[in-house]
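Numbers for residues simply follow the sequence, beginning at 1. The basis for the numbers below is simple: all heavy atoms, side chains too, and nothing from hydrogens, waters or symmetry mates.
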Amino acid sequence: QVQLVESGGGSVQSGGSLRLSCAASGFTYSRYCMRWFRQAPGKEREGVAAINSYGSTTYTDSVKGRFTISRDNAVNTLFLQMNSLKPEDTAMYYCASRANTGCPTETGWYTTWGQGTQVTVSS
């Protein structure tokens, strides 16, 4: 059964760090594009970072230089290292997968989603 499970969220102060994990199972993880999305109350879900099956990464402008996406294919796990966190990073973070090498930002392209993990950054 295809499944993604996020973990690692929590509450931190501005400038702090968190590392999110997304454990994947039930599919050939190494062949998939993996992307982190986030959604804050009252806002649309936005793409945060993605890594394709070749290891190439992309980031939304607001997190460039602060967040790093990576994947460990040996353990079928996606990571998002978040440094220098800001209050505007507060959101529910979701990982999602797509069975192609391309990593578009639109949510509709992703077929499998995790349940989300909450990140809260205080001033």
Side-chain angles (χ1 to χ4, degrees):
Q1 184 175 11
V2 177
Q3 184 173 265
L4 298 174
V5 180
E6 303 97 332
S7 61
S11 297
V12 298
Q13 294 184 350
S14 295
S17 298
L18 287 172
R19 190 179 193 183
L20 306 184
S21 298
C22 174
S25 63
F27 60 98
T28 308
Y29 170 85
S30 62
R31 299 179 183 177
Y32 280 61
C33 167
M34 304 296 294
R35 176 173 282 277
W36 287 99
F37 290 87
R38 67 185 180 186
Q39 187 168 25
K43 297 183 179 180
E44 66 180 0
R45 190 168 297 185
E46 67 168 339
V48 176
I51 184 166
N52 69 13
S53 60
Y54 303 109
S56 297
T57 60
T58 58
Y59 300 89
T60 191
D61 288 344
S62 64
V63 307
K64 287 180 179 177
R66 299 188 298 120
F67 291 10
T68 302
I69 188 171
S70 62
R71 62 195 298 168
D72 187 342
N73 292 344
V75 294
N76 286 358
T77 303
L78 176 74
F79 301 99
L80 185 67
Q81 179 66 48
M82 305 185 294
N83 298 325
S84 301
L85 283 162
K86 304 175 180 179
E88 52 263 43
D89 295 318
T90 296
M92 183 72 74
Y93 283 70
Y94 302 89
C95 65
S97 64
R98 176 174 183 257
N100 282 288
T101 57
C103 293
T105 58
E106 295 83 3
T107 60
W109 290 106
Y110 294 84
T111 58
T112 304
W113 293 78
Q115 83 289 349
T117 185
Q118 179 68 40
V119 172
T120 302
V121 185
S122 61
S123 300

* Test log, rule side-chain contact (heavy atoms from CB on, under 4.5 Å), inputs Q118 and T90 -> CA-CA 8 Å; Q118 179 68 40; T90 296; 4.1 Å; yes
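- Under the 4.5 Å side-chain heavy-atom criterion for Ile, Leu, Val, Met, Phe, Trp and Tyr, W36 and F79 are members of distinct hydrophobic clusters.
- Annotation for V5 and Q115: closest pair CA-OE1, 3.6 Å, computed over non-hydrogen atoms.
- Remark: Y94 pairs with no residue by the side chain to side chain donor-acceptor pair (under 3.5 Å) rule, at least two apart or across chains.
- Judged as a side chain to side chain donor-acceptor pair (under 3.5 Å), and not counting sequence neighbours, the contacts of R66 are D89.
- For N76, there are no side chain to side chain donor-acceptor pair (under 3.5 Å) partners two or more places apart in sequence or in a different chain.
- The environment of CD in E106 is crowded: more than 12 heavy-atom neighbours from other residues, nucleotides or ligands sit within 6.0 Å.
- The side chain to side chain donor-acceptor pair (under 3.5 Å) test applied to K64 returns D61, not counting sequence neighbours.
- Distance check, rounded to the nearest 0.5 Å: CD of Q3 to OG1 of T112 gives 10.0 Å.
- Residues satisfying the ring-ring contact (aromatic ring centres under 6.0 Å, His included) criterion with Y93, sequence neighbours excluded, are absent altogether.
- No single ILVMFWY cluster, assembled from side-chain heavy atoms under 4.5 Å apart, contains both M34 and M92.
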Return a table of donor-acceptor pairs under 3.5 angstrom between the side chains of residues 48-56 and protein atoms on other chains or two or more places apart.
residue: N52; atom: OD1; partner: Y54; partner atom: N; Å: 2.9
residue: N52; atom: OD1; partner: G55; partner atom: N; Å: 3.0
residue: N52; atom: OD1; partner: S56; partner atom: N; Å: 3.0

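- Under a hydrophobic clustering in which Ile, Leu, Val, Met, Phe, Trp and Tyr are joined whenever their side-chain heavy atoms come within less than 4.5 Å, directly or via other members, V119 and L4 fall into the same cluster.
- Using a 4.5 Å heavy-atom cutoff, the side chains of R98 and P104 are in contact.
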Indicate every side-chain donor-acceptor pair of residues 7-25 with a distance under 3.5 Å to a residue at least two apart or in another chain.
residue: S14; atom: OG; partner: S122; partner atom: O; Å: 2.8
residue: S17; atom: OG; partner: N83; partner atom: OD1; Å: 2.9

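- Legend: residues meeting side chain to side chain contact (heavy atoms under 4.5 Å, CB included) with T105, ordered by chain and number and at least two apart, are R35.
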* To do: Would you sort out whether I69 and L78 count as a side-chain contact (heavy atoms from CB on, under 4.5 Å), showing the intermediate values?
  => CA-CA 8 Å; I69 188 171; L78 176 74; 3.8 Å; yes
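- N73 pairs by the side chain to side chain contact (heavy atoms under 4.5 Å, CB included) definition with Y29, S30, R71, not counting sequence neighbours.
- Between S123 and P87 the shortest heavy-atom distance is OG-CG, 3.5 Å.
- Among residue pairs with one or both ends in residues 97-123, those qualifying as ring pair (Phe, Tyr, Trp, His ring centres under 6.0 Å) are F37-Y110, F37-W113; sequence neighbours excluded.
- Without hydrogens or angle criteria, D72 side chain to A74 main chain gives a donor-acceptor distance under 3.5 Å.
- The distance from atom CG of L80 to atom CZ of R38, rounded to the nearest 0.5 Å, is 9.0 Å.
- Within the structure, disulfide bond (SG atoms under 2.5 Å apart) pairs that include any residue of residues 44-89 do not occur (at least two apart or interchain).
- In terms of modelled atom types and a separation under 3.5 Å, the side chain of E44 and the main chain of Q39 share no donor-acceptor contact.
- Members clustered with V75: none, using a 4.5 Å side-chain heavy-atom cutoff among hydrophobic residues.
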